[in-house]
Every structure is written in structure tokens, then in C-alpha cells.
Undergrad: 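Please read through the structure below; I'll follow up with questions.
Labels below follow one simple rule: chain letters A, B, ... track the order of the sequence lines, proteins then strands, and each chain is numbered from 1.
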Amino acid sequence: MSAGLIAVVIVVAYLSLLIGLGLLSNRFFRGTSADYYVASRGIGSFLLVMSLFGTTMTAFALVGSSGEAFKSGIGVYGKMASWAGIIHSACFFLVGIRLWSFGKRFGYMTQIQFFRDRFESDKLGLLMFPIVVALLVPYLLIGVLGAGTVLQKVTAGAFPDLFVATNGGLPFWLGSGVICLVVLIYVFFGGVRGTAWANAFQTIVFIILGGVTVAVISNRLGGPVNATSLVKEYNPTKLKRGVDAEDIQHYEQKLAEYEADPAKAIIKPKPPHEITQLHFFSYLFIPLSAGMFPHLFQHWLTAKSAKTFRLAVVIHPILIMVVWVPCVLIGVWATSAIVEGSAVIPPDFANPNAVLAIMVKKLSDPLLGGLLTAGILAAIMSSLDSQVLCISSIFANDIVGHYIAHDRQTDRQKVFFGRLFVVLVMTATYLLGIKLQGTRGIFTLGVWCFSGFASLFPLLIAAVYWKRVTKAGAYASVLVTAATWLWLFAESGYGANGGFLFMGMMPVATITMASTVAMIVVSLLTPAPSAATIAKFFTPTTPTKA
Amino acid sequence: MKRIVYTLIILLAVAHQDFWWWNDAETMVCGFMPVGLAYHAGVSVAAGLLWALAVRYCWPQGVDLVDATPTDPSGAAGSAHTQLGANE
């Protein structure tokens, strides 16, 4: 059996399991909208941990982290993972629990419902809706594009007579179509409970596979000590963040040796890549986006009680470490990996996102390759499902339910529209994915979407903790975020300059600061919110006898 | 205790900027893990521990009482804003 066919068998088995989970979760469906969108607010600690972690860890955690480590070294962990560990838990603890309590008391099912209420503004929802959806759609597309591309590559050779143009691999339209269909099935039938179950399963899959993969690869490289020694010899700057004169000299010497005799030198050194202190620090702002993600908001609302959050707050940073450290090590080792006298990664290799797949393909057997494919698909789908359900619930509850039906829908209608929009959103995403296939810009756009959500986070913090924040302050924050984002996005050549920095920092730092200043200044210049709203959100809760 | 825990979390965020390992490609933990990576893995573990302390000592007041409060049975969120919407 060819490696491609083994991958197909493993992926089919894996997707079948997911469909089974979706159908099984449907047996627990109570038929109400609260059950479909927020699982009747009955999700326990373990499922909440797994669904929050699975949702925040996209394919970037597996594929992108090793690719980025290959390109710029170990600094990627500090920039992305350890900041995320501190900030994500802060978001869960300081914001998530409060929002859950508001959701439970006032029956919220979407983030926009909360903002409308908190800022006493119906039209704020209409302003936020297109922004939130526009920032979320590229994420959906990244999932669809990633899934189709991965499946096409790893199944190469499986059907040589059937798919000649793709070297026997599943064509993009088929691979991404299958993934969309599987997500559609379990979200359609299971609602948010289905996504929570699937996320739990998928998160376990990619945690285990990360560990297994690093063990197998390091073994083929002669053990972890030997793998790192090779990096120290050929690309020592990948083991740190700074670059000094000695590093430049070492690089030039190794390059000269390679150019003189490539067969003897084996590894062509990679140019040193410096991460400045300010650049490193400015990554602090990126994980703030988790606080503002509407799909995470929806998962927060599913919690059974405030105490349900405790495990997620504590264990989330450790789960991040468990997934990221192996991937970063594999990416760094890949820069200098030698097996049987030749380089594992070809010199001048220009596609860092393919590093993990190549390392697995060359240094492990087809079975692990197939399982890793399942792990990558797990990471992709565990975010895709929540995002699809979230956009659908915004359409169903905010647009149709509130602005068109004026909150007069029956429960059955709410579920019907939710499911209808799940089908429509998934179909539209799939068709857009087909249209944008091969467009690299969409991946760069993902980072900009993170920045947009992160820049709206101060508004969320203020909504929860600052009584004085006003409707006008909220509008100012949203509009300044949109304007600054568009300005810097244009400055970056609309995402073409992937390494774009503003004043030496990630653009998100400037957008977030501008958004915060606008919100504070305008709030202080405009009348305070009504006493009723302040009482509603800031008066301590008293228990009522059920 | 609450202040101590939040201070420790802020200190962890400050310690995240580990300029002292910035140029160290020599020191390896367990012989294979660059110290800059091992340190940040430690930051992740420390974050877990500090948030555990926060859960123990800084738990938000009032949220547990919500557990005893029945959810809005109508599920129709924000009756107030609907009214406000008409006035905008």
C-alpha cells in the first residue's frame, strides 16, 4: 500500500469518527435554541478546557510554529506561545467568567447581544456585525485552504489513475469539500455541543501526535542532543534571538565552505535572523485577540458554572507548552538536519510551512505521516467548526432574530435559522476557498485579523470593568480601530509585506493604543451611561430561589 | 494575597522579556534544549501556577451566586436594547 493510500485510510477513519461524534451529540440535543447555541450552559470543566484550547490553537500551532522556528529560530515560542499562555488565561479569568455570568443572567447567545445591551445602543450591533464577520471570514478561509492543500499533498500517489493532474493526490476541491462536509455534519446536528465534543477529541489527537512526532524524528536524527548539536554547528543563531558580529562571521565562513564544496559541507547555512527586544515585546498584544474572538465568547457561555472555568485558566498555558515545544524543536532541528550524509531539507528551501510535513515524511514511516495529517486536520477543524457556528449564530440571532424578526421568533425558528446559516456559511466558505485557492495573501491576512480582534479587546475590558465607558466611547473605539487598521494595512502593501513593523513594533500595538485612547477620551467627554445600565452590569448579584 | 498574586503575574510578564538569554546559544538544558526556549517553557508552567493561585485567592466576587440564578427563560437577550433601539 502506498504512503498516500495509507494517509487516505487514516484520514477517512478519523473523519468517520468525527461524524460519529456529531451524530452521537445530536442524541443529547434538547431541541431548544439555548441548547443548540450554548449547550444549555451545561458544559463541564474538561470539555470546556478542550474546546477553548482546540479553538485557540489553529493549524498555525502545528504547521506555522515549526515553519516560523525554521525561519527565525526559537524566538517564535516566546513571541507567540508563552505570551499566549499568560494572556489567554488572563482573558478567561478576568473577562470570560464575567461574560459568562452576564450571559447566564441575561440570556446572551452572541457577543453582539452583550455589546448592544452594555452600551445601550441598538445600532452598535450593526456597526460591529460587518467588522466581526469580516475579521472572522479569513480565518474560515485559512482552515479550508489549509485542509485542501494538506490533503492534496499527503495523499499524493494514492489514486494515480484517477487524479493524474495532482500526482494521484486528492484534488483541492475534493479534499477541502470533504473537510467542509464533515464539519458541516457535526455542527449541523450537534450545535455547540457537537463542536465541544469534536474539539475535545481533536485536541487530544494533536497533543499526543506532537509528542510522538518529536520522539520519532529526534530518534532518526541520532537523538535530541545530536539534533541540537547540528544546529549549533551550522545555524547557531536559530538557538537564540540576538545576532552579533561573531554570528555574521560564522555564517559567512559556513557559507563559504558550502559554496566551495556543497557535498562536503552538506548544510547551507541560513542567514541570521535577529528579533529585536521591542519587536519581541510588541507580540504581547497579539494574544489579546482571544478575549475578543466571538467564537470563544460563545464557548465561554457554554460553561456549566463559574467554577467550570478554573481548570481552563490553570491548564491552558501548560497545554500550549506541550503542543508548541515539540513543534519549535522540529522546526529548529530542520535547519541543520542530516540523515545518511545528506540534508533533510533542501538548501534555499522557500516554503517554511511545509517543513513539518517534509520532516515527518522523510524521517518517519507512512503510518505516522498519516496520523500527523489527521493531527493537522484536527487543529484546522477544531477552529473551523466553532467559527462556522459562531458566524451562523450571529446571522441567526442578531441579524434575522433581532433586526428582522425583532426578537419575536419561536425557539424552533431560532434553531432552524441557525442550521440554515450553518449550511449557507459553510457552503459560501467552501466556494470562496475554491476561488482563492493558491492565493498566499490570505494567510498573511490572518495575522491582520488577529490584530483587528486584539485592538477591540480594550473595549471589552472597559465594558466589563469601567462604569464610565460610554456608547460614544464604544463607537470611537470601533471606528478608530477600523481606520487605524486600514491605514496600517495599506502601509504594509495590503499584507504583501509579511514582516511589516510600525515604529519597530507589530502594527497591533499601535492600533490597540489608538483604540484605547479614543475610547477613554470620548467616554470622558460624553455623558455617562444610564443608572439602569450601570446597576444591571455592576450591581453584585444576589441569588434567587429557583 | 490578591495583590501579591496579581503582582507576581505582572512580574512574570516583565520576566518574559528575558534579555539576559538573548545571545546565548551555548547553554543547553538537558543537553538539547536551548536555554532561551527552556526558559520560556518555564514561563508557560509558571503562568499555569500563578493562574492557579489567582483562581484560589482572586476569584471574582458574585459570579458564583449567578450559578443559583435561573437563566433568562425566554432566551431573548437584551430587551432593554430593543427598547433603546427604537429611541436611537
Undergrad: Could you name the residues of residues 4-12 of chain B that have a heavy atom within less than 4.5 Å of a heavy atom in chain A?
TA: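 Result: Y6(B), L12(B).
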Undergrad: Side chain to side chain contact (heavy atoms under 4.5 Å, CB included), that's the test. Do D122(A) and H402(A) meet it? Break it down for me.
TA: CA-CA 10 Å; D122(A) 212 45; H402(A) 181 67; 2.6 Å; yes
Undergrad: For the CH2 atom of W83(A) and the CG atom of L284(A), what is their distance to the nearest 0.5 Å?
TA: 4.5 Å
Undergrad: Taking every heavy-atom pair that is under 4.5 Å apart, which of Q277(A), R310(A), M321(A) has the most such pairs with chain B?
TA: Q277(A)
Undergrad: Write out all pairs satisfying side chain to side chain donor-acceptor pair (under 3.5 Å) with one or both partners inside residues 53-63 of chain B, taking only residues at least two apart or from two chains.
TA: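 Listed by first then second residue: W59(B)-D64(B).
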Undergrad: For C58(B), is it the side chain, the backbone, both, or neither that has a heavy atom closer than 4.5 Å to a heavy atom of chain A?
TA: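 Both backbone and side chain of C58(B) come within 4.5 Å of chain A.
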Undergrad: So which part of I86(A) gets closer than 4.5 Å to some heavy atom of chain B, the side chain, the backbone, both or neither?
TA: both
Undergrad: Does any backbone or side-chain atom of L94(A) lie under 4.5 Å from a heavy atom of chain B? Answer side chain, backbone, both or neither.
TA: side chain
Undergrad: Can you name the residues that form a ring pair (Phe, Tyr, Trp, His ring centres under 6.0 Å) with F280(A), not counting sequence neighbours?
TA: H16(B), W22(B), H40(B)
Undergrad: If I compare all heavy atoms of S65(A) with all of V76(A), which pair ends up nearest, and what's the gap?
TA: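 Here S65(A) and V76(A) meet closest at O-CG1, 4.1 Å.
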Undergrad: Given a strict heavy-atom distance threshold of 4.5 Å, which part of I97(A) is in contact with chain B: side chain, backbone, both, or neither?
TA: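 Answer is both: backbone and side chain atoms of I97(A) are under 4.5 Å from chain B.
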Undergrad: Measure distances from V225(A) to the heavy atoms of chain B and classify the residue's part below 4.5 Å as side chain, backbone, both or neither.
TA: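 Both parts, heavy atoms under 4.5 Å.
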Undergrad: Only counting residues at least two apart or in another chain, list the ones meeting ring pair (Phe, Tyr, Trp, His ring centres under 6.0 Å) with Y234(A).
TA: none
Undergrad: Nearest 0.5 Å, what's the CZ-CH2 distance between R41(A) and W300(A)?
TA: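 One gets 14.5 Å once the value is rounded to the nearest 0.5 Å.
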Undergrad: At a heavy-atom separation under 4.5 Å, does N23(B) approach chain A through its side chain, its backbone, both, or neither?
TA: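 Both backbone and side chain.
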Undergrad: Give, as side chain, backbone, both or neither, the part of A90(A) having an atom under 4.5 angstrom from any heavy atom of chain B.
TA: both
Undergrad: Side chain, backbone, both or neither: which part of W333(A) has an atom under 4.5 Å from a heavy atom of chain B?
TA: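 Side chain only.
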Undergrad: Do K414(A) and Y36(A) form a cation-pi contact, if we require the NZ or CZ to be under 6.0 Å from the six-membered ring centre and within 45 degrees of the ring's axis?
TA: no
Undergrad: Which of the residues V231(A), I275(A), V332(A) is involved in the greatest number of heavy-atom pairs with chain B at under 4.5 angstrom?
TA: I275(A)
Undergrad: Report which part of T308(A) has an atom under 4.5 Å of a heavy atom belonging to chain B: side chain, backbone, both, or neither.
TA: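 Neither part; nothing is under 4.5 Å.
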Undergrad: Any carboxylate oxygen within less than 4.0 angstrom of a Lys/Arg side-chain nitrogen, looking at K232(A) and E26(B)?
TA: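 Yes, this pair counts.
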